[in-house]
Amino acid sequence: MANKQMSPDEVVSRLRSGMTIGIGGWGSRRKPMALVRAILRSDLTDLTIVTYGGPDVGLLLAAKKVRRLIYGFVSLDSIALEPHFRAARETGSVEVSEYDEGMLRWALYAATCRLPFLPSRVGLGSDVLTVNPALRMVASPYGGEELLAVPALHLDAALVHLNRADVLGNAQYLGPDPYFDDLFCTAAEQAYVSVERIVPTEELTRDAPVQSLLLQRWMVHGVVEAPGGAHFTSCDPDYGRDEAFQREYVQAAGDPQRWQAFYERYLNGDEAAYRAAVETRSVSA
């Protein structure tokens with residue numbers, strides 16, 4: 001069985017402009033930020049991003065990498081609205097499909113099952129149908145009930161971040177919630193996981209139950225060891241959300257000059273430069 005260990009830039013080299021890319025995590029929690037930052041350094045553009053969004057969305061929108069966004073929400077959790085997302089929506093600079101959270105999960109599951117759609121009651125009686133006029137209804141063959149036909153969301157690639165993995169791609173979450181990272185991976189043609197630490201396979205279940213192994217090696221095409229790779233989002237229990245940095249990010253996003261300074265300080269180099277800038281900031285603070 002092959003070693004799947006890669007660097008963030010090697011992952012991004014396998015992506016192409018125009019792809020549909022799913023990004024795991026939830027709001028400002030356990031986002032694959034090291035991989036997102038690698039996309040910022042690339043020439044990728046015209047992307048469709050599928051996500052329960054947080055700063056992954058904001059950074060990619062600010063860098064003009066996104067043509068279309070399919071999302072259940074976009075939030076920084078402790079700060080309600082992602083500022084770059086709000087600006088993009090207010091100016092209409094990005095195409096959007098705004099789904100109910102349950103619909104997005106169902107769409108990924110339909111793709112996982114290789115089905116064209118799955119029926120659901122989620123979204124009925126809401127404005128989901130109004131803002132997504134391409135959605136269709138379907139009559140149940142068992143009684144005729146009208147249901148929403150949630151179309152499958154097939155992904156070209158998925159990017160997720162977990163706590164631990166081995167070099168084969170078996171990956172583990174140690175926090176309170178798996179989110180839907182496994183569905184992002186199984187809905188995708190290729191899936192890449194960044195982790196805080198790569199460990200021997202036997203170590204994965206030494207101090208944690210086998211149920212914590214969210215991803216199996218057949219789901220994963222590449223593994224990236226990226227300590228702090230979810231920063232500034234949380235990766236419990238390894239670290240929480242960096243609230244001070246998140247506030248700095250939001251404040252910078254509201255002013256073009258401050259954003260340029262923020263970008264040059266934190267995002268203008270590679271991942272090692274990012275970590276060094278964050279560490280320097282923490283010491284000076």
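Between Y239 and E196 there is a side-chain heavy-atom pair separated by less than 4.5 Å. Contact check for L174 versus R164: side-chain heavy atoms found under the 4.5 Å cut-off. Within the 4.5 Å cutoff, side-chain heavy atoms of P55 are placed close to those of L76. Taking the side chain as every heavy atom from C-beta outward, I49 and T20 never approach each other to under 4.5 Å. Using a 4.5 Å heavy-atom cutoff, the side chains of L148 and M137 are in contact. Residues Q5 and I198 are in side-chain contact: their nearest non-hydrogen atoms beyond the backbone lie under 4.5 Å apart. Side-chain contact between V278 and H231 is present, with heavy atoms from C-beta onward closer than 4.5 Å. Two residues are said to be in side-chain contact when any heavy atoms from C-beta on lie closer than 4.5 Å; L47 and I39 meet this criterion.
Not less than 6.0 angstrom separates the ring centroid of Y179 from the ring centroid of Y173. Taking the six-membered ring for Trp and the full ring otherwise, F73 and W26 have centroids separated by under 6.0 Å. With ring centers used as reference points, F180 lies 6.0 Å or more from F184. Separation of the F85 and Y71 ring centroids falls under the 6.0 Å cut-off. A distance of 6.0 Å or more separates the ring centres of Y99 and Y52.
Note on L147: it does not cluster hydrophobically with L104, by side-chain heavy-atom contacts below 4.5 Å among ILVMFWY residues. Under the 4.5 Å side-chain heavy-atom criterion for ILVMFWY residues, no single connected hydrophobic cluster contains both V131 and L135. In the hydrophobic clustering of ILVMFWY residues, with side-chain heavy atoms under 4.5 Å counting as a link, L40 and L159 come out together. Hydrophobic clustering of Ile, Leu, Val, Met, Phe, Trp and Tyr side chains at less than 4.5 Å, counting indirect connections, unites L115 with V150. Placement of L108 and F117 in two distinct hydrophobic clusters is found when ILVMFWY residues are connected by side-chain heavy-atom separations under 4.5 Å, directly or transitively.
The shortest heavy-atom contact between G24 and P32 is O-CD, 3.8 Å. In terms of heavy atoms, D56 sits closest to K31 at OD2-NZ, 2.9 Å. Annotation for L35 and V224: closest pair CD2-CG2, 4.2 Å, computed over non-hydrogen atoms. Residue A187 comes nearest to L153 through the heavy atom pair CB-O, 3.9 Å, listed as atom of the first residue, atom of the second, then distance. The nearest pair of heavy atoms linking V12 to A38 is CG2-CB, 3.5 Å. Of all the heavy atoms in M6 and G222, the pair that sits closest is SD-CA, 3.5 Å.
Within 6.0 Å of the OH atom in Y109, the count of heavy atoms belonging to other residues, nucleotides or ligands does not exceed 12. Enclosure of atom CD in E189 is not indicated, since only 12 or fewer non-hydrogen atoms of other residues, nucleotides or ligands lie within 6.0 angstrom.
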Next item on the list: Could you go through the side chain to side chain contact (heavy atoms under 4.5 Å, CB included) check for V193 and V195 one step at a time?
Entry: CA-CA 6 Å; V193 56; V195 293; 3.9 Å; yes
Next item on the list: Run the numbers on Y249 and F245 for ring-ring contact (aromatic ring centres under 6.0 Å, His included), then give the verdict.
Entry: CA-CA 6 Å; Y249 166 81; F245 190 96; 7.6 Å; no
Next item on the list: Could you walk me through whether T233 and R29 pass the side chain to side chain contact (heavy atoms under 4.5 Å, CB included) test, one step at a time?
Entry: CA-CA 5 Å; T233 72; R29 308 176 204 182; 5.6 Å; no
Checklist line | Y192/Q190 under side chain to side chain donor-acceptor pair (under 3.5 Å): CA gap, chis, key distance, verdict | finding: CA-CA 7 Å; Y192 302 96; Q190 48 182 312; 2.3 Å; yes
Next item on the list: Before giving the answer on side chain to side chain contact (heavy atoms under 4.5 Å, CB included), spell out for E98 and R89 the whole-Å C-alpha distance, their side-chain angles and the decisive distance to 0.1 Å.
Entry: CA-CA 11 Å; E98 184 174 358; R89 293 290 280 121; 4.0 Å; yes
Note to self: If you apply the rule side chain to side chain contact (heavy atoms under 4.5 Å, CB included), what do you find for M33 with H161, and how did you get there?
What the structure shows: CA-CA 8 Å; M33 298 299 288; H161 186 84; over 6 Å; no
Note to self: side chain to side chain donor-acceptor pair (under 3.5 Å) for S78 and Q246? Distances and angles first, verdict last.
What the structure shows: CA-CA 9 Å; S78 59; Q246 182 165 271; 3.0 Å; yes
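The closest donor-acceptor contact from the side chain of E10 to the backbone of S7 lies under 3.5 Å. S75 contributes a side-chain N or O that, together with a main-chain N or O of A80, makes up a donor-acceptor pair within less than 3.5 Å. A donor-acceptor pair is defined here as one N or O able to donate and one able to accept, closer than 3.5 Å; such a pair exists between the side chain of D255 and the backbone of R258. In this structure a side-chain-to-backbone donor-acceptor pair under 3.5 Å is present from D77 to S28. Between the side chain of D100 and the backbone N or O of G102, at least one donor-acceptor pair lies under 3.5 Å. Checked by atom type and distance alone, the side chain of K65 pairs as donor or acceptor with a backbone atom of S42 at under 3.5 Å. Checked by atom type and distance alone, the side chain of K4 never pairs as donor or acceptor with a backbone atom of H221 at under 3.5 Å. Within the 3.5 Å criterion, the main-chain N or O of N163 finds no donor-acceptor partner in the side chain of D238. Within the 3.5 Å criterion, the main-chain N or O of A208 finds no donor-acceptor partner in the side chain of S212.
To the nearest 0.5 Å, atom CG of residue D43 and atom CZ of residue R16 are 9.5 Å apart. Note: Y274 OH to L267 CG = 7.0 Å, rounded to the nearest 0.5 Å. Between the CG atom in L183 and the CE atom in M219 there is a gap of 9.0 Å [rounded to 0.5 Å]. Rounded to the nearest 0.5 Å, atoms CD (Q172) and CG (D207) are 9.0 Å apart. Annotation: the span from I21 atom CD1 to T48 atom OG1 amounts to 9.0 Å, rounded to 0.5 Å. The distance from the CG atom of L214 to the CG atom of D182 is 4.5 Å, given to the nearest 0.5 Å.
Ion pairing between R281 and D242 holds under the 4.0 Å rule for side-chain N and carboxylate O. Using a cut-off of 4.0 Å between Lys/Arg side-chain N and Asp/Glu carboxylate O, R197 and E225 are scored as not salt-bridged. A salt bridge links R30 with D181: at least one charged nitrogen is closer than 4.0 Å to a carboxylate oxygen. Ion pairing between R41 and D270 fails under the 4.0 Å rule for side-chain N and carboxylate O.
The aromatic rings of H84 and W259 lie perpendicular to each other, with more than 60° between the two planes, well past the 30° mark.
D166 and T201 are linked by a side-chain donor-acceptor pair at a separation below 3.5 angstrom, with hydrogens and angles left out of the test.
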